[in-house]
Amino acid sequence: MYINVKKHILSNSILMVAVVKIIAALLEGASRVLLQKSSSATPDMLDIYLWRIQLVLSAAQIIVTALIFYTSWKRLYHYMTLVPAEDQAMMGELQKEFLGKKNASLSVSSVNRLLQLWAVIFVGAELIYDFTSIMYRRFIAVLMDALSAGTGTGMSDGTFVMLYNMTHGFKYLEILAAILLGVVMTGIFLSDRYMKIASLLILALFLISFAVLQMQTVNLMGREVGIVWTSIIYHFTETVGLVVLSQYLARAYKGL
């Protein structure tokens, strides 16, 4: 069985999640500008107020994302129950025969599987990301204490900056891999090689930046800001990348 080609449940769900992530990123960025850190020589994650704001925003993202996918699933389930379960296979065959190219790109059962897949990725991976962020923050705090106690010079020799940049990619590796896995699985369902290639390119770019590129420092509004390229690639993927993905699915495929 196939749903109406004008119903874009999966792509709209991904788009709404992307909008939620963009809003959360803007709020977190605004909080970093407005709030003064306790120490300019420490990463933003060690500031207790910024850290609490990040946790609240992350929790809000999880709740809103779960509501988005639950509402989308209820909507899809409503369409599925319009036809008795025993008649859905026959209805699908009739739709393929009479609608031809005007039919939806995937059956309602396939859309349902993809909807569940992306729900697990966005909610489950975000929970794991929060846990790894907490552990990584503890690691950075212990590392700073060890360097300060051992050398007495803190970050003046650049040792901490180097270690921070080398390890920061681990914080994003899991959730980025989960998002790219979702893109690849969607591409497999749709037999879309472009989605698979795009995922491979983003992963390669992330790994190269993780292994090769060093952290850059820029002056922004009178304060030095360290740019970690793995962080830039991840946040770009989870915001702009998801918007592009949702629009691609809505325009390239019917009923998705």
Side-chain angles (χ1 to χ4, degrees), residues 14 17-18 20-22 24-25 28-29 32 42-47 50-51 53-55 57-62 65-66 69 114 116-144 146-147 158-188 194-217 225-246:
I14 295 175
V17 171
V20 169
K21 289 182 176 295
I22 290 173
E28 184 176 346
R32 295 191 181 195
T42 60
D44 286 346
M45 70 166 65
L46 295 184
D47 183 273
L50 293 175
W51 175 246
I53 290 174
Q54 180 180 334
L55 289 179
L57 289 174
S58 183
Q61 286 184 71
I62 292 173
T65 299
F69 276 93
L114 285 176
Q116 294 180 55
L117 172 67
W118 279 104
V120 170
I121 288 174
F122 285 134
V123 176
E126 187 71 27
L127 286 170
I128 298 176
Y129 170 74
D130 288 344
F131 175 76
T132 55
S133 294
I134 293 171
M135 300 307 296
Y136 183 68
R137 183 176 185 268
R138 292 181 181 178
F139 165 73
I140 292 299
V142 171
L143 180 61
M144 288 195 67
L147 288 175
T159 303
F160 173 75
V161 174
M162 178 187 68
L163 292 174
Y164 181 78
N165 182 70
M166 289 174 62
T167 59
H168 204 68
F170 289 111
K171 178 182 175 182
Y172 302 111
L173 185 58
E174 169 270 329
I175 191 168
L176 180 67
I179 292 175
L180 295 181
L181 178 61
V183 176
V184 170
M185 292 300 297
T186 305
I188 291 174
Y194 297 111
M195 295 177 65
K196 303 172 190 176
I197 293 173
S199 299
L200 181 61
L201 290 177
I202 293 173
L203 180 59
L205 185 60
F206 180 86
L207 294 178
I208 291 173
S209 65
F210 194 176
V212 177
L213 298 182
Q214 300 298 316
M215 186 169 68
Q216 304 295 319
T217 302
V225 178
I227 297 178
V228 181
W229 292 107
T230 51
S231 176
I232 295 296
I233 293 171
Y234 162 68
H235 288 297
F236 185 85
T237 301
E238 75 159 355
T239 54
V240 177
L242 289 178
V243 171
V244 173
L245 173 63
S246 66

So do the side chains of [X] and [Y] get within less than 4.5 Å of each other, counting heavy atoms only?
X: Phe122; Y: Val20; value: no
X: Val243; Y: Thr239; value: no
X: Phe170; Y: Met135; value: no

Next item on the list: Verify, without hydrogens or angle tests, whether Ser209 (side chain) and Leu205 (backbone) share a donor-acceptor contact under 3.5 angstrom.
Entry: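 Yes, the answer is positive, given that a donor and an acceptor are paired below the 3.5 Å cut-off.
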
For the [atom1] atom of [X] and the [atom2] atom of [Y], what is their distance to the nearest 0.5 Å?
X: Ile233; Y: Ile202; atom1: CD1; atom2: CD1; result: 9.0 Å
X: Ile134; Y: Tyr129; atom1: CD1; atom2: OH; result: 11.0 Å
X: Ile175; Y: Thr132; atom1: CD1; atom2: OG1; result: 8.0 Å
X: Ile14; Y: Ile179; atom1: CD1; atom2: CD1; result: 10.5 Å
X: Phe206; Y: Ile232; atom1: CZ; atom2: CD1; result: 12.0 Å
X: Leu173; Y: Thr230; atom1: CG; atom2: OG1; result: 9.5 Å

Next item on the list: Using the six-membered ring wherever Trp is involved, compare the ring planes of Tyr172 and His235 and label them parallel, tilted or perpendicular (cut-offs 30° and 60°).
Entry: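 Perpendicular, since the angle between the ring planes exceeds 60°.
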
Margin query: If you compare all heavy atoms of Ile121 against all heavy atoms of Gly182, which two are closest, and at what distance to 0.1 Å?
Written below: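 Heavy atoms only, the tightest pair is CD1-CA, 3.3 Å.
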
Margin query: Minimum heavy-atom separation for Glu126 and Ile62, please, with both atom names.
Written below: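 Of all heavy-atom pairs spanning Glu126 and Ile62, the closest is CG-CG1, 3.4 Å.
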
Checklist line | With Met195, the side-chain contact (heavy atoms from CB on, under 4.5 Å) member among Ile188, Val183, Val184 | finding: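 Answer after filtering Ile188, Val183, Val184: Val183.
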
